[in-house]
Protein chains: 2
Amino acid sequence: MSDYIKTIKKSKLFRRVPEEELEDLLEHLDSQLKFYSKDQVVLTAGRRIKRVGLILDGILNLYESDFWERTHQIDQLKQGELLMENFAVSGSVTMHSVTAETASAVLWLNIREILTLDEKHTYNTVLIQSFMREMARKNLQLYTRLSDMDRLTTKEKLLSFLSKEALHHHSNEFDIPLSRQQLADYLSVERSAMSAELSELARQGYLITRKNHFILLKK
Amino acid sequence: MSDYIKTIKKSKLFRRVPEEELEDLLEHLDSQLKFYSKDQVVLTAGRRIKRVGLILDGILNLYESDFWERTHQIDQLKQGELLMENFAVSGSVTMHSVTAETASAVLWLNIREILTLDEKHTYNTVLIQSFMREMARKNLQLYTRLSDMDRLTTKEKLLSFLSKEALHHHSNEFDIPLSRQQLADYLSVERSAMSAELSELARQGYLITRKNHFILLKK
DNA sequence: TGTTATCTGTTGGAAAACCAACAACGATTT
DNA sequence: AAATCGTTGTTGGTTTTCCAACAGATAACA
């Protein structure tokens with residue numbers, strides 16, 4: 001535990017908790033630190049869970065498998081992110097399975113405890129705020145990706161994504177943090193077709209691009 | 001306000017708040033009831049907001065507009081749902097504009113107030129729980145749709161969606177709550193092409209369907 | 001009952017996307 | 001400097017999807 005105490009203190013969830021209250025808080029949350037080796041199964045779908053995971057180290061993969069027993073990756077979560085928070089909070093049965101992409105460490109927290117504490121500590125307010133902030137952040141992220149994907153053509157998906165990047169950078173000129181393959185995965189399209197479409201958009205005067213650098217042009 | 005007090009009491013957010021505390025709570029939340037006529041603009045993108053909306057009546061449309069000033073509908077929210085909760089909680093600038101699809105009533109709440117109250121009322125815990133539950137529920141809903149859409153072909157999108165429906169109904173036989181057009185919109189594909197693909201899936205032995213009734217078959 | 005409106009499945013031509021293969025480029029290593 | 005490796009853009013053939021139009025089925029209504 002002590003190895004990870006620094007990571008915990010720096011995490012979005014606990015960053016604002018007063019240092020002297022941290023240990024007390026972790027105890028109240030009935031926290032458990034668990035380790036997983038590469039490819040180990042962390043959780044399987046179909047269970048009710050009470051705990052939220054905070055990933056202290058490593059990378060985890062979320063999967064779901066369908067009626068015909070085919071599996072499909074949903075998401076990949078890294079250090080600092082929350083795990084299964086939606087299932088834990090809503091109390092619904094998990095639909096996702098989790099495996100470790102790399103050796104990982106997860107701090108499991110009984111987040112509901114915080115809501116039923118008798119005494120009022122500073123952390124009470126702080127933790128709830130941080131937790132809600134994280135949920136809202138994730139929610140917005142999902143909305144953003146959904147609205148990029150909710151288009152019939154690759155061209156429209158690209159324009160939607162690039163618009164948001166421009167907005168985010170307060171400029172029509174910016175670098176994107178994704179490789180072509182990563183961008184294609186994000187938009188759920190095929191890489192080479194997307195590259196071709198980017199060239200086509202440049203030809204049509206929507207933008208200028210070279211590698212990760214983009215300049216959007218009003219037509 | 002009194003016209004809507006019943007709706008408020010029945011809402012997911014306030015349902016569990018003790019009746020005698022409700023009025024006090026609404027005051028603490030600095031609540032404001034606002035009305036909007038059909039097509040009226042409720043909010044425009046690019047602002048920081050502090051309040052969460054609870055839709056007491058009507059239907060609202062969420063839009064975003066891109067770099068080239070083209071607008072695109074993101075979502076439609078109905079009575080009982082929360083509005084702009086992610087922006088209010090995370091404190092980030094709104095990217096969405098909201099207009100009224102029908103005449104509507106929205107109760108605006110300063111949700112952050114609940115986290116800084118001195119006294120501890122029952123509602124304190126209850127409201128936060130309800131609020132977090134709602135966020136988690138919405139989050140899961142977004143994840144679900146994303147994973148249905150995160151496929152390259154219409155066939156895969158359909159199989160993903162139908163698998164989840166089967167899981168949800170604990171049976172390989174079920175009715176879906178969407179018309180063909182609604183399903184096509186949900187999956188971001190073209191209706192007639194989707195219908196054709198459903199016929200093809202039936203021909204290939206994945207399922208039997210007639211109107212809204214489906215039977216999935218192991219191959 | 002007959003009329004109308006809505007929803008669904010089918011079809012064919014046009015457009016878009018997939019897919020595999022390859023070449024150009026840049027960065028890194030030897 | 002040469003070789004290697006990963007990334008990106010291009011191309012051509014094939015598949016899938018879009019799109020518009022239409023016909024049959026179903027439900028709602030007069």
Side-chain angles (χ1 to χ4, degrees), chain A residues 59 70 72-73 76 101-102 145-146 148-162 165 173-217, chain B residues 59 68 70 72-73 76 101 145-146 148-162 165 173-217:
Chain A
I59 299 172
R70 300 176 311 171
H72 186 250
Q73 185 164 343
Q76 191 169 74
E101 170 74 26
T102 67
R145 180 163 177 226
L146 254 177
D148 288 336
M149 284 176 60
D150 186 15
R151 320 272 170 154
L152 294 183
T153 64
T154 301
K155 171 182 171 178
E156 292 299 327
K157 291 182 183 181
L158 281 168
L159 294 181
S160 174
F161 169 78
L162 292 171
E165 286 295 304
E173 187 165 358
F174 51 85
D175 290 319
I176 65 169
L178 301 174
S179 70
R180 289 292 186 270
Q181 183 62 60
Q182 289 173 318
L183 180 54
D185 290 343
Y186 173 86
L187 298 175
S188 271
V189 297
E190 203 274 333
R191 182 201 60 81
S192 70
M194 188 191 75
S195 267
E197 196 57 48
L198 272 175
S199 302
E200 179 62 20
L201 284 173
R203 217 169 294 128
Q204 291 177 9
Y206 283 95
L207 51 84
I208 299 170
T209 175
R210 183 179 152 74
K211 298 202 58 176
N212 288 17
H213 194 70
F214 286 80
I215 305 173
L216 303 191
L217 307 168
Chain B
I59 298 173
W68 293 272
R70 301 177 311 170
H72 186 249
Q73 185 164 343
Q76 191 169 74
E101 170 74 25
R145 180 162 179 229
L146 252 178
D148 288 335
M149 284 177 58
D150 186 15
R151 319 273 170 155
L152 293 183
T153 66
T154 301
K155 171 181 171 179
E156 292 298 328
K157 290 181 183 182
L158 282 168
L159 293 182
S160 174
F161 169 78
L162 293 171
E165 286 296 304
E173 187 166 357
F174 51 86
D175 290 319
I176 64 169
L178 301 174
S179 71
R180 289 292 186 271
Q181 183 62 61
Q182 289 172 319
L183 180 54
D185 290 344
Y186 172 86
L187 298 176
S188 270
V189 297
E190 203 274 333
R191 182 200 60 80
S192 69
M194 188 191 74
S195 267
E197 196 57 48
L198 271 175
S199 303
E200 179 62 22
L201 284 173
R203 218 167 295 128
Q204 293 176 8
Y206 284 96
L207 51 84
I208 299 170
T209 175
R210 183 179 150 76
K211 298 204 54 178
N212 288 16
H213 194 71
F214 286 80
I215 306 173
L216 303 191
L217 307 170

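Residue numbers start from 1 in every chain, and the chains themselves are labelled A, B, ... in the order their sequence lines are given, proteins ahead of strands.
Remark: C1' of D:dG9 and CG of A:Leu207 are 14 Å apart, rounded to the nearest angstrom. When rounded to the nearest whole Å, the span between CE of B:Met149 and C1' of D:dT17 equals 15 Å. In this entry the distance linking CE of B:Met194 with P of C:dT8 reads 8 Å, nearest Å. Separating the CD atom of A:Glu200 from the P atom of C:dA17 is a distance of 11 Å, rounded to the nearest angstrom. B:Asp185 has its CG atom 12 Å from the P atom of D:dC18, to the nearest Å. B:Leu187 places its CG atom 11 Å from the P atom of D:dC18, with the value rounded to the nearest Å. Taking atom CZ of A:Arg180 as the reference point, atom P of C:dC25 lies 16 Å away to the nearest angstrom. D:dC19 atom C1' lies 16 Å from atom CD of B:Glu197, rounded to whole Å.
Under the 3.5 Å distance criterion, the side-chain polar atoms of B:Arg191 are left unmatched by any main-chain donor or acceptor of B:Gln182. Put simply, the side chain of A:Thr102 gets close to the backbone of A:Ile59: a donor and an acceptor are under 3.5 Å apart. Using a distance-only test at 3.5 Å, with no hydrogens or angles considered, a donor-acceptor pair links the side chain of B:Arg180 to the main chain of B:Lys211. Panel note: side chain B:Asp148, backbone B:Lys157; no donor-acceptor pair is recorded below 3.5 Å.
Backbone-only contact: B:Thr153 has heavy atoms under 4.0 Å from sugar-phosphate atoms and none from a base. Residue B:Ser192 is in base contact, counting any heavy-atom pair closer than 4.0 Å across all strands shown. Residue B:Ser195 is in base contact, counting any heavy-atom pair closer than 4.0 Å across all strands shown. If you check every strand for non-hydrogen atoms under 4.0 Å, B:Leu198 touches nothing.
Remark: A:Arg191 is not in phosphate contact with D:dT8, judged by side-chain N or O atoms under 4.0 Å from OP1 or OP2.
Checking D:dT8, C:dT10, D:dT17 against every side-chain atom of B:Ser199, the shortest atom distance belongs to C:dT10. For B:Glu190, the listed nucleotide lying nearest its side chain is D:dC18; candidates were C:dA17, D:dC18, D:dT11. The side chain of A:Ala196 approaches D:dT11 more closely than any other nucleotide in the set D:dT11, D:dC18, C:dA17.
Judged by closest nucleotide on DNA chain D, A:Arg203 is the one of A:Arg203 and B:Lys211 placed further toward the 5' end. Sequence order on DNA chain C of the closest nucleotides to A:Arg210 and A:Leu152 puts A:Leu152 first from the 5' end.
For the ring-ring contact (aromatic ring centres under 6.0 Å, His included) with A:Phe161, the qualifying choice from A:Phe214, A:Tyr186, A:Phe174 is A:Tyr186, the only one to do so.
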